[in-house]
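Below: the structure, in structure tokens.
FYI, side chains are in, hydrogens and waters are out, and symmetry mates aren't considered; it's all heavy atoms of this structure. Along the sequence shown, residues are numbered consecutively beginning with 1.
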Amino acid sequence: MTTAPWRDPALPAADRVDDLLSRMTLEEKTAQLYGVWVGAATDGDGVAPHQHDMTAESAGSADEYDELITLGLGQLTRSFGTAPVDPALGAQALARAQRRIAAAGRFGIPAVAHEECLAGFTAWQATAYPVPLAWGATFDPPLVEEMARHIGRDLRSAGVHQGLAPVLDVVRDPRWGRVEETIGEDPYLTGTIGAAYVRGLESAGVIATLKHFAGYASSAGARNLAPVRAGIREFADVTLPPFEMALREGGARSVMAAYNETDGVPASADPALLTELLRERWGFTGTVVADYFGIGFLETLHRVAGSPAEAAHAALAAGIDVELPTLKCYGKPLVEAVRAGEVPQELVDRAARRVLLQKCELGLLDEDWTPEPATAHLDLDSPANRALARRVAEESVVLLDNPDGVLPLPPDARIAVVGPRAADALAMLGCYSFPSHVLTHHPEVPMGIEIPTVLEALRAELPDAKVTFAEGCGVSDPDPAGFEEAVARASEADVCLAVLGDRAGLFGRGTSGEGCDVTDLQLPGVQGDLLDALVATGVPVVLVLLTGRPYALGRWHGRLAAVVQAFFPGEEGGPAVAGVLAGRVDPSGRLPVSVPRVPGGQPWTYLQPPLGLAGEVSNLDPTPLYAFGHGRSYTSFAWEDCTGGDGPAEIGTDGSYDVSLTVRNTGDRAGAEVVQLYLHDPVASVTRPDVRLIGYRRVQLAPGEASRVTFHFHADLSSFTDRSGRRVVEPGRLELRLAASSADVRHTTRLELTGPVRELGPDRRLRCETEASAPE
């Protein structure tokens with residue numbers, strides 16, 4: 001029996017795919033360019049924008065599907081994340097679907113199966129990890145990489161090839177509903193944590209998909225899908241660097257085009273973004289996939305196409321290879337347009353080649369390919385997963401304030417736990433966790449995983465304490481009827497824990513999440529009034545926030561005994577928060593987003609040039625209550641022997657300089673310090689942020705232990721986009737600031753960059769390498 005060249009694993013992948021393409025019809029090639037979403041809801045409560053009307057004409061019936069797969073199929077959409085299914089049965093059903101697809105087509109090529117994995121595998125009974133904003137709060141890339149590796153292994157064990165994560169959008173306005181899905185408001189933090197997640201997912205053999213490329217988080221008024229009006233320098237210096245880092249350092253093999261338009265050009269129809277920058281300049285060779293219905297939106301929402309065929313042409317020409325989640329534009333409308341000479345077939349061939357190269361990489365073109373899971377039993381919430389989820393949650397909890405040392409709580413205290421987030425398991429989860437994303441449509445189905453609440457975890461953590469509870473109010477309900485009982489419970493206690501925050505949801509069905517944008521940053525509903533009533537009792541009040549975004553807390557500054565912030569910390573978030581409150585866990589999280597003082601005056605992040613800061617030209621002071629990078633501990637740290645004197649050290653515009661210090665734990669308990677390095681550029685040819693993060697190192701120390709931390713600064717890290725659109729390093733003075741937050745500078749080293757202006761290419765240094773060692 002002679003094996004066709006495209007089946008021969010000994011041949012280069014490019015040769016195999018070229019041979020396969022030469023044998024395929026136009027219809028078979030286009031079939032590789034779309035997914036099919038079996039079982040997608042067509043009512044008004046979908047999990048993607050406009051799902052109800054965009055799926056109405058898709059191939060949803062069995063007869064349509066049977067006919068469709070005779071041509072082959074590019075992707076299968078969300079076999080696990082559409083409805084609750086037992087993982088083992090789901091894996092077997094996916095394997096049967098793959099066998100059926102392979103048997104139906106001439107070439108026996110299976111589909112790429114993709115799933116969401118933003119906070120873990122979005123499947124029933126799978127571990128619900130903390131949301132990405134919590135990853136950012138850890139300032140711990142190796143831990144995030146380990147978590148992603150676990151997620152990737154679970155995906156692969158179930159037959160899934162591609163994960164739609166991470167989100168690398170940089171927060172520009174915290175009123176945006178999807179802040180919980182981001183890593184934070186800083187591009188360096190987002191890039192380093194995001195690249196770590198990509199490395200972990202890809203190391204398990206799963207294709208990581210970077211989203212949303214690009215500009216999505218800069219929407220006007222923080223409205224989901226609203227136009228983006230960012231300038232070229234904001235785009236180049238804030239929006240793009242995390243994607244570049246995740247591609248170069250993480251090795252991501254897929255990118256998802258964003259929904260938004262920037263200055264009138266939708267990302268899904270922008271060849272300058274998806275081809276010239278991504279492929280020709282950055283050298284990306286993987287696949288570009290559409291965000292769900294994004295190609296159809298070129299016709300229906302953006303109105304830059306007059307028909308599905310025109311939308312397909314625009315997207316293909318821009319560089320989108322795969323239409324997701326289901327067939328609308330890349331099927332019959334595209335084939336007819338190619339046959340009519342309206343769309344060059346070369347565009348179809350280009351995209352099909354990229355898709356098939358990736359399938360070849362995955363082994364889907366090999367004769368010995370098999371879709372059956374390696375084991376009949378799938379445990380997607382293993383003890384190892386839960387232990388890792390606990391560790392991420394513990395490292396992400398941020399102690400914002402503890403002025404009088406009320407925390408940790410005494411083991412035998414009388415504690416009143418009050419608030420709508422204290423006894424609700426869903427308070428731990430973001431909108432892309434399976435229980436919040438899917439199970440809300442299946443109230444008859446159990447949660448599938450154990451999620452201890454803060455109330456339950458606190459009682460387990462402090463068994464000798466007397467703990468009472470009153471809800472007080474709902475998350476967003478305007479009814480204050482429960483205030484009286486809440487105040488009574490607080491008045492009887494030694495300390496009151498006010499557990500407040502968000503309810504994750506989609507498209508207005510929550511207070512945080514996709515399509516859940518807000519007008520200002522006051523606590524949802526009447527939770528702020530409840531907090532006022534609790535503070536008025538005179539009993540010390542500890543505010544515990546379980547949220548998907550920062551909220552303005554200036555109204556209570558100086559009136560609270562302590563403030564603890566957790567960003568949807570996942571299934572082990574309750575024990576993690578309780579561990580911090582009780583003192584078993586030393587808080588070590590740091591803010592990935594600033595916490596504002598007042599609800600209005602947005603948008604604002606710490607990346608501001610001088611006129612974006614407080615000044616006499618405006619009566620509005622945007623200075624945050626708690627700065628980016630802020631976080632307290634129960635122990636204390638001394639920063640000693642910092643390098644760098646008063647005079648500026650000279651280095652060339654292509655030079656480097658080491659900055660070092662010794663961090664010593666001077667307290668009586670173990671803890672972690674996060675040393676941050678910021679850059680201040682006093683004079684430049686364009687306005688620059690007053691400070692911006694360029695390096696950080698998390699250091700875990702026992703009592704009395706010390707570590708020497710060194711940052712290897714390179715002049716490339718001072719680069720920015722100049723007036724002509726070039727990325728340059730300019731000569732002149734710089735300050736390197738060692739700091740505990742963007743506002744808490746501990747030591748400054750002055751540098752003088754000498755030599756000519758230096759233009760940088762895509763091979764520039766993106767990372768400030770760090771090391772920690774025992775002090776001499």
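Rounded to the nearest 0.5 angstrom, Leu766 CG and Met245 CE are separated by 5.0 Å. Here the straight-line distance linking atom CD of Glu185 with atom CG of Asp169 works out to 14.5 Å at 0.5 Å rounding. Separation of atoms CG (Asn385) and CG (Leu380) is listed at 8.0 Å; rounding is to 0.5 Å. The CD atom of Glu244 sits 12.5 Å away from the OG1 atom of Thr239 when rounded to the nearest 0.5 Å. In this structure, CG on Leu327 lies 14.5 Å from CH2 on Trp37, to the nearest 0.5 angstrom. Remark: Ser382 OG to Arg153 CZ distance equals 10.0 Å, nearest 0.5 Å.
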**Worked check of side-chain contact (heavy atoms from CB on, under 4.5 Å) between Val438 and Thr82** = CA-CA 7 Å; Val438 178; Thr82 300; over 6 Å; no
**Asked** Under the side-chain contact (heavy atoms from CB on, under 4.5 Å) criterion, do Leu247 and Val255 qualify, and how do the steps go?
**Response** CA-CA 9 Å; Leu247 289 172; Val255 170; 4.2 Å; yes
**Prompt:** Do Leu94 and Leu76 pass the side-chain contact (heavy atoms from CB on, under 4.5 Å) test, and can you show the C-alpha distance, the side-chain angles, and the key distance before you say yes or no?
**Reply:** CA-CA 9 Å; Leu94 176 56; Leu76 275 171; 3.8 Å; yes
**Request:** Decide salt bridge (charged side-chain N to carboxylate O under 4.0 Å, His left out) for Lys328 and Glu323; before the verdict, give the C-alpha distance in whole Å, the side-chain angles of both, and the deciding distance to 0.1 Å.
**Result:** CA-CA 8 Å; Lys328 187 170 180 68; Glu323 179 179 21; over 6 Å; no
**Prompt:** Between Phe213 and Leu168, does a side-chain contact (heavy atoms from CB on, under 4.5 Å) hold up when you go through it step by step?
**Reply:** CA-CA 8 Å; Phe213 195 66; Leu168 297 180; over 6 Å; no
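In terms of modelled atom types and a separation under 3.5 Å, the side chain of Ser436 and the main chain of Ser433 share no donor-acceptor contact. A side-chain donor-acceptor contact under 3.5 Å links Glu115 to the backbone of Gly81. Side chain of Asn224 to main chain of Asp517: no donor-acceptor pair is present (N/O by atom type, distance under 3.5 Å, no hydrogens or angles). Side-chain atoms of Gln32 never come within 3.5 Å of backbone atoms of Gly72 as a donor-acceptor pair (strictly under, hydrogens ignored). With Tyr259 contributing its side chain and Ala267 its backbone, the two residues share no donor-acceptor pair below 3.5 Å. A donor-acceptor contact shorter than 3.5 Å links the side chain of Asp321 to the backbone of Val288. Remark: the backbone N or O of Asp368 is not paired with any side-chain donor or acceptor of Asp366 at under 3.5 angstrom. Looking only at distances, no side-chain donor or acceptor of Asp502 sits under 3.5 Å from a matching main-chain atom of Ala504. Of the possible polar contacts, one joining the Gln98 side chain to the Ala111 backbone as a donor-acceptor pair under 3.5 Å is found. No donor-acceptor distance shorter than 3.5 angstrom exists from the side chain of Glu461 to the backbone of Glu456, with no hydrogens or angles considered.
Checking Thr287 against Ser254 by side-chain atom types alone, a donor-acceptor pair falls below 3.5 Å. For the 3.5 Å distance criterion, the side chains of Asp381 and Thr127 qualify, holding a donor opposite an acceptor. For Thr285 and Arg354, the side-chain atoms include no donor-acceptor pair closer than 3.5 Å. Using modelled atom types and a 3.5 Å distance limit, the side chains of Thr192 and Tyr696 yield a donor-acceptor pair.
Here the shortest heavy-atom pairing between Arg279 and Gly319 reads NH2-O, 4.4 Å. Taking every heavy atom of both residues into account, Gly573 and Ala393 meet most closely at CA-CB, 4.2 Å. Looking at every heavy atom in both residues, Gly205 comes nearest to Leu362 through O-CD2, 4.1 Å. Listed here is the closest heavy atom pair of Leu365 and Cys360: CD1-CB, 3.7 Å. Heavy atoms only, all atoms of each residue included: Pro242 and Val170 are closest at CG-CG2, 3.8 Å. Closest approach of Gly152 to Ala204, counting heavy atoms only: C-CB, 3.5 Å.
Using a 4.0 Å cut-off between a side-chain N of Lys or Arg and a carboxylate O of Asp or Glu, Arg767 and Glu249 qualify as a salt bridge. At a threshold of 4.0 Å, the pair Arg584-Glu394 counts as salt-bridged, since one of the basic side-chain nitrogens sits closer than that to a carboxylate oxygen. At a threshold of 4.0 Å, the pair Glu571-Arg386 counts as salt-bridged, since one of the basic side-chain nitrogens sits closer than that to a carboxylate oxygen. Under 4.0 Å is where a charged nitrogen must lie from a carboxylate oxygen, and between Glu514 and Arg509 no such pair does.
Leu201 is listed as a side-chain neighbour of Leu155, based on a closest heavy-atom distance under 4.5 Å. Looking at Pro110 and Ile101, their side chains never come closer than 4.5 Å, going by heavy atoms from C-beta outward. The closest side-chain heavy-atom distance from Val160 to Val206 is not below 4.5 Å. Within the 4.5 Å cutoff, the side chain of Leu591 has heavy atoms near those of the Phe567 side chain. No side-chain heavy atom of Val397 sits less than 4.5 Å from a side-chain heavy atom of Val585. Contact check for Thr511 versus Val475: side-chain heavy atoms found under the 4.5 Å cut-off. Contact check for Arg78 versus Thr122: side-chain heavy atoms found under the 4.5 Å cut-off. Contact of the Val564 side chain with the Val398 side chain is not registered, since no non-hydrogen atoms from C-beta on lie closer than 4.5 Å.
A cation-pi arrangement is absent between Arg391 and Trp135 under the rule of less than 6.0 angstrom and at most 45 degrees off the ring axis. Because its NZ or CZ atom is not both nearer than 6.0 Å to the ring centre of Phe107 and within 45° of the ring axis, Lys359 does not count as a cation-pi partner of that residue.
By the 30° and 60° cut-offs, the orientation of the rings of Phe297 relative to Phe293 is tilted.
Applying the side chain to side chain contact (heavy atoms under 4.5 Å, CB included) test between Leu545 and each of Val499, Val577, Leu500 identifies Leu500 as the sole match. Partner Tyr216 forms a side-chain hydrogen bond (donor to acceptor under 3.5 Å, both in side chains) with one of Lys211, Arg172, Arg178 and no other, that one being Arg178. The side-chain hydrogen bond (donor to acceptor under 3.5 Å, both in side chains) with Ser512 is formed by just one residue from the set Arg549, Arg503, Glu180, Glu181; it is Glu180.
Separation of the Phe243 and Trp282 ring centroids does not fall under the 6.0 Å cut-off.
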